[in-house]
2 protein chains.
Amino acid sequence: MNERNDLNGISQQTLRRLPFYLSYLQGRLSGGETTISAAAIARALGLNEVQVRKDLALISTSAGRPKTGYQLEGLVSDIESFLGYKNIDEAILVGAGQLGRALLSYQGFSKYGLNIVAAFDNDPQLEGRELHGKTVFPLYKLIDLTRRLKVRIGIITVPADQAQQICDMLVEAGVLAIWNFAPVKLIVPGSIMVQNENMAASLAMLSRHLNERFTE
Amino acid sequence: MNERNDLNGISQQTLRRLPFYLSYLQGRLSGGETTISAAAIARALGLNEVQVRKDLALISTSAGRPKTGYQLEGLVSDIESFLGYKNIDEAILVGAGQLGRALLSYQGFSKYGLNIVAAFDNDPQLEGRELHGKTVFPLYKLIDLTRRLKVRIGIITVPADQAQQICDMLVEAGVLAIWNFAPVKLIVPGSIMVQNENMAASLAMLSRHLNERFTE
DNA sequence: TAGATTGTTAATCGATTAACAATC
DNA sequence: TAGATTGTTAATCGATTAACAATC
């Protein structure tokens, strides 16, 4: 499950912190400031100062300057570029059930550089319908259509027991990256990236916190 | 951001693997099998054998037996209990925008032990409306209503710059755990758990994979 | 008994943090 | 210059993996 813990030398951990840096720095920038120190960022986000410097060094194009700190504007731009927010990628979504529809309904992905262009589902009732402005196609059209649209990202929101099968179709259709919401380890060729989204883990964390007294 | 990396002695990493164990084991169980070895689980999920044993030792009530392996049924039950899927917690959601509505529309949370009972938003247009069967209340009713309902989980789906303010209200209303979708470090009293959901990081990962050639 | 499989103790690896030198 | 702040090298810490003893 951890075959690939880094991407161009950047660790998952660093990557997970970047959206927090970005949000905080955007706030400071719109507050009219122009520079910021690693110490200030660390304090605001509850991180270690050195960790902040190391993270920023990995992604920023211009170095910070002693005594002044980092240029806010450049930093914000660097993080946005790094996170891929500046280029839009197209995706198709497979599995127009509850979760799939929830994702289709969320317009906010464009901010993150993602645009879902179509949905697929094997329910004949859904065939041809529009959900949140996106057409639902039958599953047998998946490979052909995805190929023709040259879509590079596939989103899997089908039940766990169908996930691998859908994954195989996506691979055949030529996608290069898969965002997988099923709690299943997907087998893919090495060149294809699978990113698992694990809301179940977050919820488990909350639930355990509430029931802590039972667990000792 | 990492103040609390473990919960009753279990690491975040282990916790993130549990939903994958569960899904795989459920599949084997419904396939009619009764026992399973750590090696088989490790192979199926691409993990290290010892890691699997250590994870299972942390959460299971009965030990595995040499030569036989683990009892599937007991293991599934133990993981479900551990993840809190067996007891339903009630939650309120604040911020009925795109993301908030997407979450409201998702009925699948009940499987994970979560039941969203109401939504709050400061848009007067939404006041009193039903979204996916849940009533949207104005923000000024948040504290009183949450308290009276004795809701223990708050879900934050407002823009980043409002997140802390909503968080403070939730704390005042007596929630014990917060599921935060805004990329903001929330300041809370020590007894309250904040769980950040970071879809932006997943998307960044995918986006970077697609654009890898640009990054060297 | 022999061998498969578990659980544990020790070694390794990577990420975080501390110490410190460089520099504006 | 002095001091704030950066970037880097070394130490620490925790998670993963390897080696191995225990046991059904």
Side-chain angles (χ1 to χ4, degrees), chain A residues 1-18 20-21 25 28 33-72 74-75 78-79 185 198 201 205, chain B residues 1-18 20-21 25 28 33-72 74-75 78-79 185 198 201 205:
Chain A
M1 209 122 66
N2 304 316
E3 306 89 3
R4 181 123 186 229
N5 194 36
D6 70 309
L7 197 56
N8 297 124
I10 191 174
S11 73
Q12 285 239 16
Q13 286 86 333
T14 294
L15 195 56
R16 297 187 71 80
R17 287 189 288 268
L18 291 179
F20 288 84
Y21 292 139
L25 296 172
R28 304 308 294 249
E33 288 157 72
T34 57
T35 62
I36 187 134
S37 75
I41 299 174
R43 215 176 311 121
L45 300 180
L47 299 172
N48 179 290
E49 224 181 292
V50 180
Q51 190 170 58
V52 173
R53 283 199 203 98
K54 288 201 166 167
D55 285 346
L56 297 185
L58 284 170
I59 57 103
S60 79
T61 52
S62 61
R65 293 185 4 162
K67 189 100 168 143
T68 348
Y70 301 84
Q71 294 296 320
L72 261 176
L75 215 45
D78 285 345
I79 298 176
K185 151 89 176 180
N198 198 344
M205 214 82 91
Chain B
M1 209 122 67
N2 304 316
E3 307 89 4
R4 182 124 187 228
N5 194 38
D6 70 308
L7 196 56
N8 298 124
I10 190 173
S11 73
Q12 285 241 16
Q13 286 87 332
T14 294
L15 195 57
R16 298 188 70 80
R17 287 189 288 268
L18 290 179
F20 288 82
Y21 292 138
L25 296 172
R28 304 307 295 250
E33 287 158 73
T34 57
T35 62
I36 188 136
S37 75
I41 299 174
R43 215 176 311 120
L45 300 180
L47 299 172
N48 179 290
E49 221 181 295
V50 181
Q51 190 169 59
V52 172
R53 282 198 205 99
K54 288 202 167 168
D55 285 345
L56 297 185
L58 284 170
I59 57 102
S60 78
T61 50
S62 60
R65 293 185 3 161
K67 188 99 168 146
T68 351
Y70 301 84
Q71 293 297 319
L72 262 176
L75 216 44
D78 285 346
I79 298 177
K185 153 87 177 180
N198 197 344
M205 213 80 92

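Quick note on labels: first sequence line is chain A, next is B, and so on, each numbered from 1.
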*Under 3.5 Å donor-acceptor pair, A/K54 side-chain atoms to D/dT9 base atoms*: yes
*asked:* With a 4.0 Å limit, can you tell me whether A/R53 has a side-chain N or O closer than that to the phosphate oxygens OP1/OP2 of D/dT6?
replied: yes
*Which whole-number value in Å describes the distance from B/Q51 CD to C/dA11 C1'?*
16 Å
_Test item: B/Q12 and A/M205 side chains (from C-beta on) under 4.5 Å apart, heavy atoms_ = yes
*Want to settle it: does A/P66 or A/D55 sit nearer the 5' end of DNA chain C, counting the closest nucleotide to each?*
A/D55
*Starting at atom CD of B/Q71, determine the distance to atom C1' of C/dT6, rounded to an integer number of angstrom.*
14 Å
*In whole angstrom, what separates A/K67's NZ from D/dG3's P?*
9 Å
_Need the pair for C/dC24. Rule: Watson-Crick or G-U wobble, both distances under 3.5 Å, any strand; none if unpaired._
D/dG3
*Whole angstrom is fine here: how far is it from CZ in B/R16 over to C1' in D/dA15?*
15 Å
*Roughly, in whole Å, what's the span from CD in B/E49 to C1' in D/dA18?*
11 Å
*Could you tell me the separation between the CD atom of A/Q13 and the C1' atom of C/dG14, rounded to a whole number of Å?*
9 Å
*asked:* Just N and O in the side chain of B/Y70: are any of them under 4.0 Å from OP1 or OP2 of D/dC24?
replied: no
*Counter-base of D/dT17, judged by Watson-Crick or G-U geometry with both distances under 3.5 Å*: C/dA10
_Nearest-nucleotide 5' precedence on DNA chain C, B/R65 against A/T14_ = B/R65
_I need the minimum non-hydrogen distance between B/D78 and B/T61, along with the two atoms involved._
OD2-N, 2.9 Å
_A/N48 CG to D/dT12 C1', straight-line distance once rounded to whole Å_ = 12 Å
*Separation of A/I36 atom CD1 from D/dT5 atom P, in whole Å?*
11 Å
*Student check: side-chain heavy atoms of A/V52 and A/Y21 closer than 4.5 Å*: yes
*Any idea which of C/dA18, D/dT6, D/dA19 is nearest the A/V50 side chain?*
C/dA18
_Show the nearest heavy-atom pair for residues B/I79 and B/L18, with the distance to one decimal._
CG2-O, 4.0 Å
*Would you say A/L72 and A/T34 make side-chain contact, with heavy atoms under 4.5 Å?*
no
